[in-house]
Visitor: 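Below you will find the structure I want to go over with you.
If you're wondering where the values come from, they're calculated on a predicted model, not measured in any experiment. A note on names: the letters A, B, ... follow the listed sequences, proteins ahead of strands, and every chain is numbered from 1.
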There are 2 protein chains.
Amino acid sequence: MAIDSNMRARLAEQIQCIRQSDDPLNQYFFEKASIANLPKGQHVCHEGSNCSHLAILLNGTARVYKLGENGKEITLYRVGPGESCILTASCILSHIPFPAFAICETDVEAAVVPASDVRRWLSESSAWQDYIFGLVATRLSNIINVVEDVVFRRMDKRIADHLCNRMDKTGHVLLVTHQEIASELGTSREVVSRILKEFELDGMIKVTRGSIELLDPEKLHQKHSER
Amino acid sequence: MAIDSNMRARLAEQIQCIRQSDDPLNQYFFEKASIANLPKGQHVCHEGSNCSHLAILLNGTARVYKLGENGKEITLYRVGPGESCILTASCILSHIPFPAFAICETDVEAAVVPASDVRRWLSESSAWQDYIFGLVATRLSNIINVVEDVVFRRMDKRIADHLCNRMDKTGHVLLVTHQEIASELGTSREVVSRILKEFELDGMIKVTRGSIELLDPEKLHQKHSER
DNA sequence: GCCATGTCTGTGACTAAGTCACACAGGGGT
DNA sequence: ACCCCTGTGTGACTTAGTCACAGACATGGC
């Protein structure tokens, strides 16, 4: 789909690195990018695949995760509006296959850029360099935080943290299953059920099928802030 | 220290991206790089610090690790000859503080490059781009492998894997303590002692103070290859 | 409205991993 | 030879994870 002036405005609003009028990226980007729409549940990348394009999300979120042989999963990071998946960029720039899975968590609209341009623009646009390296830094930090979480923190604190983060986004009633929390944090569904039960017995939450209501967010905050 | 023609040859031998005679990087690099020597045990970076230079190792290794509040550690990756610490590059390029610790595991000699040049060369040299993005890809993979290891694999298999890897480098007798293995893999010294005891009872290794002799590497290989 | 099926949750029994405290052995320095 | 420090082993405990199974709830088809 061609990019008309309405779409240009939307892209500039969402993608910070193409706002500078004096950078050649502006012209390049609007010449080469196209718009893609992907439905919720669509797999974007599989482990081991190569990447022909880089997608920058305009809306929606994509989840990047690792999948173990035993079916267990863990989320590495999420890609939101204005961001792209740095593993895709890394794939493109170094010819190493994609080392994880990526899936649309919501319906997603993205600006898609051919792989050959991703590299070329690095030489020609400092805004693009800043954008790409900003993402590299963010994702390295994200993934290192996952390592830190998994190795150094107890599961009950990680679950409390997770519930608080979701509350910040959607309010006191979370529509989420125990299995979804387990997949997010890389643990077993039974472990999540047991810990949520304890939280309920402590009066911090109310658990019903497919949803969790946070009754005492302060206390949950305290729990995940503990050492 | 100035770079004479002997050192130029050593640098070209070790650092693959400055071998191309037609890339401007060659001239830039020899103009700007200096040589640093760091002793074993020297801390290179602390968590939260900023980085003024990028170091490319000529020999020796540096260990990049995360340290928990409870004193536990886990190795994220190691930097060897010809490589640099990509978290340093990421720091430099995106102005985010260093998110881990780095320490010299052996005496280290490195070519050191000012931060301002690291960024500038990205625009001017495709060899430097390839080098930096090759490292980005490698380190992202390394760290994702750590997540995978920790979340999906049993500790006894991880220890068997570790012992096999060390054997490949130094032979059947490893000079290593239980605590060092624990710090490498992000676990407790007691857990390592118990698992090594089991390996000894199974006839795979012989444990003495400060060293481990691999008696049956084949069987250890089988162990870490199991699901 | 009822029934079947699939999804979600809870629980028991077990193993694996981690923590804490403590004791002992070995090596190095004086 | 003695002292101190480091490295190791072990017991008792808690936390986390696995496996199997049962029950409740929601949805879709008839």
Visitor: Nearest-Å distance, CZ (B/Arg158) to P (C/dA16)?
Guide: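 It is 16 Å, rounded to the nearest whole Å.
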Visitor: Nearest nucleotide by nearest heavy atom, which residue falls closer to the 5' end of DNA chain D, A/Thr187 or B/Leu196?
Guide: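 By nearest-heavy-atom nucleotide position, the 5'-most residue is B/Leu196.
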Visitor: Could you tell me how far apart A/Phe152 (CZ) and C/dT19 (C1') are, to the nearest whole angstrom?
Guide: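 Going from A/Phe152 (CZ) to C/dT19 (C1'), I get 15 Å.
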Visitor: OP1 or OP2 of C/dG10 versus the side-chain N and O atoms of A/His178: is any pair under 4.0 Å?
Guide: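 The answer is yes; a side-chain N or O of A/His178 sits under 4.0 Å from OP1 or OP2.
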Visitor: Rounding to an integer number of Å, can you tell me how far A/Leu201 CG sits from C/dT9 P?
Guide: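 Answer to the nearest Å: 16 Å.
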Visitor: Would you list the atom pairs, donor with acceptor, under 3.5 Å between side chains in residues 185-194 of chain B and any protein atom, with sequence neighbours excluded?
Guide:
unit_1   : atom_1 : unit_2   : atom_2 : d
B/Ser193 : OG     : B/His178 : ND1    : 2.7
B/Ser193 : OG     : B/Arg189 : O      : 3.2

Visitor: Please report how far the helix from C/dG1-D/dC30 to C/dT30-D/dA1 bends, comparing the axis fitted to its first five pairs with the axis fitted to its last five, to the nearest 10 degrees.
Guide: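 Axis-to-axis angle, ends of the helix: 30°.
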Visitor: Would you find more than 12 non-hydrogen atoms of other residues, nucleotides or ligands less than 6.0 Å from A/Lys72 atom NZ?
Guide: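 Above 12, so yes.
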Visitor: Less than 4.5 Å apart, side chain to side chain, heavy atoms only: is that true for A/Ile74 and A/Val150?
Guide: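 Side chain of A/Ile74 against side chain of A/Val150, heavy atoms only: contact under 4.5 Å found.
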Visitor: For A/Pro81, enumerate each residue passing the side-chain contact (heavy atoms from CB on, under 4.5 Å) test, keeping only those at least two apart in sequence or located in another chain.
Guide: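 Partners of A/Pro81 by the side-chain contact (heavy atoms from CB on, under 4.5 Å) criterion, ordered by chain and then number, come out as A/Gln14.
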Visitor: Report, one pair per line, the protein and nucleotides 21-25 of chain C atoms (nitrogen or oxygen only) whose separation is under 3.5 Å.
Guide:
unit_1 : atom_1 : unit_2   : atom_2 : d
C/dA21 : N6     : B/Glu190 : OE2    : 3.4

Visitor: Below 4.0 angstrom, N of the basic side chain to O of the carboxylate: do B/Glu47 and B/Lys66 qualify?
Guide: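 Here B/Glu47 pairs with B/Lys66 in a salt bridge, since their nearest N and O are under 4.0 Å apart.
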Visitor: Angle class for the A/Tyr65/A/Phe101 ring planes (parallel below 30°, perpendicular above 60°, tilted otherwise)?
Guide: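 Because their plane-to-plane angle is under 30°, the rings of A/Tyr65 and A/Phe101 count as parallel.
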Visitor: Hey, where on DNA chain D does chain B first and last touch, going 5' to 3'? Cut-off is any atom under 4.0 Å from a heavy atom.
Guide: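 Contacts span D/dT6 to D/dA12, reading 5' to 3'.
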Visitor: Is the shortest side-chain N to carboxylate O distance from B/Arg158 to B/Glu184 below 4.0 Å?
Guide: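 The answer is no: the pair does not qualify as a salt bridge.
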Visitor: Under 4.5 Å between any side-chain heavy atoms of A/Val136 and A/Leu140, yes or no?
Guide: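 Yes, their side chains come closer than 4.5 Å.
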Visitor: Answer yes when B/Arg119 and A/Asp130 have at least one side-chain N-carboxylate O distance shorter than 4.0 Å, and no when they do not.
Guide: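 Salt bridge flag = yes for A/Asp130 with B/Arg119.
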Visitor: Sequence neighbours left out, what passes side-chain contact (heavy atoms from CB on, under 4.5 Å) with B/Asp156? Give chain and number order.
Guide: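 side-chain contact (heavy atoms from CB on, under 4.5 Å) list for B/Asp156, sorted by chain: B/Arg154, B/Ile195, B/Phe199, B/Lys223.
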Visitor: If you compare all heavy atoms of B/Leu76 against all heavy atoms of B/Ala100, which two are closest, and at what distance to 0.1 Å?
Guide: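 Of all heavy-atom pairs spanning B/Leu76 and B/Ala100, the closest is CD1-CB, 4.0 Å.
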Visitor: Would you say a side-chain N or O of A/Ser193 is under 4.0 Å from OP1 or OP2 of C/dT9?
Guide: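 Checking A/Ser193 against C/dT9: no side-chain N or O falls below 4.0 Å of OP1 or OP2.
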